[in-house]
Amino acid sequence: MGKKGKKEKGRGAEKTAAKMERKVSKRSRKEEEDLEALIAHFQTLDATRTQIVETPCPPPSPRSTGGPSGRSGHRMVAWKKQLILFGGFHESTRDYIYYNDVYAFNLDTFSWSRLSPSGAGPTPRSGCQMSVTPQGGIVIYGGYSKQRVKKDVDRGTQHSDMYLLQPEDGKEGSWKWTRINPAGAKPTPRSGFSVAVTPNHQTLLFGGVCDEEEEESLEGDFLNDLHFYDATRNRWFTGQLKGPKSEKRKRRRGKKAEPEGPDKQEHGGTSAQEPLEVVREVVTEDGTVITIKQMFATPGPAGKPQSNEEDSPDEVGGPVVEPSPRSNAMLAVKHGRLYLYGGMFEAGDRQITLSDLYCLDLQKMQEWTALVEMDPGTQEWLEESDSEEDSNEGEGTEDEDSGESDKEAGGECGVCAHQGQQETHGPAAPEPRALHQTSTSGVTSLPKP
């Protein structure tokens, strides 16, 4: 009897374990079914909320084929009922290519066609001047290109040649290249200049930068000069400003005073007026101390005395105002007035964008007017600052030299703009750069070191 009870007791434990296993299995299957049911429920809800509506529409318009490849730095002008496109470049992570091809886009048929002008045309380039002449030709001037001289070493070229693209006589759709050599005061080689067309159909060129490239360095001289190209006379002219009206009134009065005798003029001598110096400091958001120093030459006829009667407040002219040297500014001409906005210049390793706006009356050509002055505190630094590790290492040295730098900032901080030199001072930020504005001719200039 005892042995029989032990056997039944062992079978009972097996039955209990099997029963529990069946329960666990049944529960897991139920949970899976519930999960699948829940997923199906949400899919049903999504299907009811998402509705696909098919609306019939006409076929797309014909797409143009045979157009130019993707590029930037190209130039385009409107010529009759066509858009003429020239040059440009395309750069990838491995290589780059510059173009000198010409394409025409017909504004009636919305189609591209590649032109094959006869004659020797310009070499591949980007960023050139492209404008339409009154005679119906298209002028190409300057531009920039680079080519690889050896592995990982490129050499840039700033072009200063000029070509004329014009349709051939009696041949529809046929064009030809002609190299031209204008007379007059030609602009110096540069890139990044700005172009506009004046009301008398002259091409206007402003500013830019002249780069001097070496294998491991790049030095640039930023410009703010003004040039005009007259296609009718095939001649360059330098944009000379006449100065404010107040200066003219003083000259006229000086002529009226001549009958008093030459001895009086000799007694006055050739006393030169000292230039006006304005210095201010601005601290940007990142702590960089920007020192701006402006040197203005007081306008007045050289070699002529100025009597006390001529120095009335109404007649004394203020400092000559001009845009600072820059590249890639934007120009627009409206009602005979030239408007110039923005651009950029370099200070050391930083590229600084500008937000000032100037205006010049092209008929009077007297002086620039600053409509919106530049605020150095809101300038944008395009280049990333140095790493925190470098800044921490340099803070100690800058703190030690800050006293001497502050003493020298007042007298030795100014640097002539044409030299393109620059000094730094101040411990507020890693490698702070002082941006100097100096000019002996009254031109506000922000030079690149």
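The structure presented is a predicted model; accordingly, all values stated were derived computationally and were not measured.
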Nearest heavy-atom pair of [X] and [Y]: which atoms, and what distance?
{"X": "H159", "Y": "P124", "value": "NE2-O, 4.1 Å"}
{"X": "P134", "Y": "A231", "value": "CD-CB, 4.1 Å"}
{"X": "V209", "Y": "Q158", "value": "O-OE1, 3.0 Å"}
{"X": "G239", "Y": "F228", "value": "CA-CE1, 3.7 Å"}
{"X": "A196", "Y": "L338", "value": "CB-CD1, 4.5 Å"}
{"X": "Q82", "Y": "A104", "value": "OE1-CB, 3.3 Å"}

Rounded to the nearest 0.5 Å, how far apart are [atom1] of [X] and [atom2] of [Y]?
{"X": "W112", "Y": "N106", "atom1": "CH2", "atom2": "CG", "result": "11.0 Å"}
{"X": "F86", "Y": "N100", "atom1": "CZ", "atom2": "CG", "result": "5.5 Å"}
{"X": "K186", "Y": "N181", "atom1": "NZ", "atom2": "CG", "result": "5.0 Å"}
{"X": "L204", "Y": "L331", "atom1": "CG", "atom2": "CG", "result": "6.5 Å"}
{"X": "K176", "Y": "Q166", "atom1": "NZ", "atom2": "CD", "result": "5.0 Å"}
{"X": "E346", "Y": "S327", "atom1": "CD", "atom2": "OG", "result": "7.5 Å"}

Considering only heavy atoms from C-beta outward, does the side chain of [X] approach that of [Y] to under 4.5 Å?
{"X": "Y339", "Y": "L371", "value": "yes"}
{"X": "V321", "Y": "E367", "value": "no"}
{"X": "W368", "Y": "L340", "value": "yes"}
{"X": "P117", "Y": "L165", "value": "yes"}
{"X": "L362", "Y": "V333", "value": "yes"}
{"X": "Y141", "Y": "V195", "value": "no"}
{"X": "F193", "Y": "N328", "value": "no"}
{"X": "T238", "Y": "H227", "value": "yes"}

Determine yes or no for a side-chain-to-main-chain donor-acceptor pair under 3.5 angstrom, with S174 supplying the side chain and E168 the backbone.
no
Taking the side chain from R326 and the backbone from G342, do they hold a donor-acceptor pair closer than 3.5 Å?
yes
Which residues pass the side-chain contact (heavy atoms from CB on, under 4.5 Å) test with K146, sequence neighbours left out?
E91, Y96, Y98, Y144, D154
Under the criterion side-chain contact (heavy atoms from CB on, under 4.5 Å), I'd like the reasoning laid out for Q135 against T232: C-alpha separation, chi angles, the key distance, then a yes or no.
CA-CA 8 Å; Q135 296 79 19; T232 303; 3.3 Å; yes
Does the plane of the ring in F222 sit parallel, tilted or perpendicular to the ring in F345? Use 30° and 60° as the thresholds.
perpendicular
Qualifying side chain to side chain donor-acceptor pair (under 3.5 Å) pairs, either residue in residues 114-128, two or more places apart
T123-R125, R125-D161
With sequence neighbours excluded, tell me which residues meet side-chain hydrogen bond (donor to acceptor under 3.5 Å, both in side chains) with S160.
none
With side-chain contact (heavy atoms from CB on, under 4.5 Å) as the test, would you mind laying out the steps for E373 and D356 before giving the verdict?
CA-CA 5 Å; E373 294 185 356; D356 45 0; 5.8 Å; no
Applying salt bridge (charged side-chain N to carboxylate O under 4.0 Å, His left out) as the test, list every pair that has at least one member in residues 195-210; sequence neighbours left out.
none
Using the test salt bridge (Lys or Arg N to Asp or Glu O under 4.0 Å), find all partners of D225 that sit at least two apart in sequence or belong to another chain.
R190
Please tabulate, for the side chains in residues 70-79, all donor-acceptor contacts under 3.5 angstrom to protein atoms that are two or more places apart in sequence or on a different chain.
from: R71; atom 1: NE; to: S69; atom 2: O; distance (Å): 3.1
from: R71; atom 1: NH1; to: G87; atom 2: O; distance (Å): 3.0
from: R71; atom 1: NH1; to: D101; atom 2: OD1; distance (Å): 2.8
from: R71; atom 1: NH2; to: S69; atom 2: OG; distance (Å): 3.2
from: R71; atom 1: NH2; to: D101; atom 2: OD2; distance (Å): 3.1
from: R75; atom 1: NE; to: C128; atom 2: O; distance (Å): 3.0
from: W79; atom 1: NE1; to: G136; atom 2: O; distance (Å): 2.8

Hey, mind stepping through L205 and W236 against side-chain contact (heavy atoms from CB on, under 4.5 Å) and telling me if it holds?
CA-CA 10 Å; L205 184 150; W236 280 105; 4.3 Å; yes
Using the rule given for side-chain contact (heavy atoms from CB on, under 4.5 Å), can you reason through L241 versus E322, listing the C-alpha separation, both sets of side-chain angles and the distance that settles it, and then say yes or no?
CA-CA 10 Å; L241 300 184; E322 289 190 1; 3.4 Å; yes
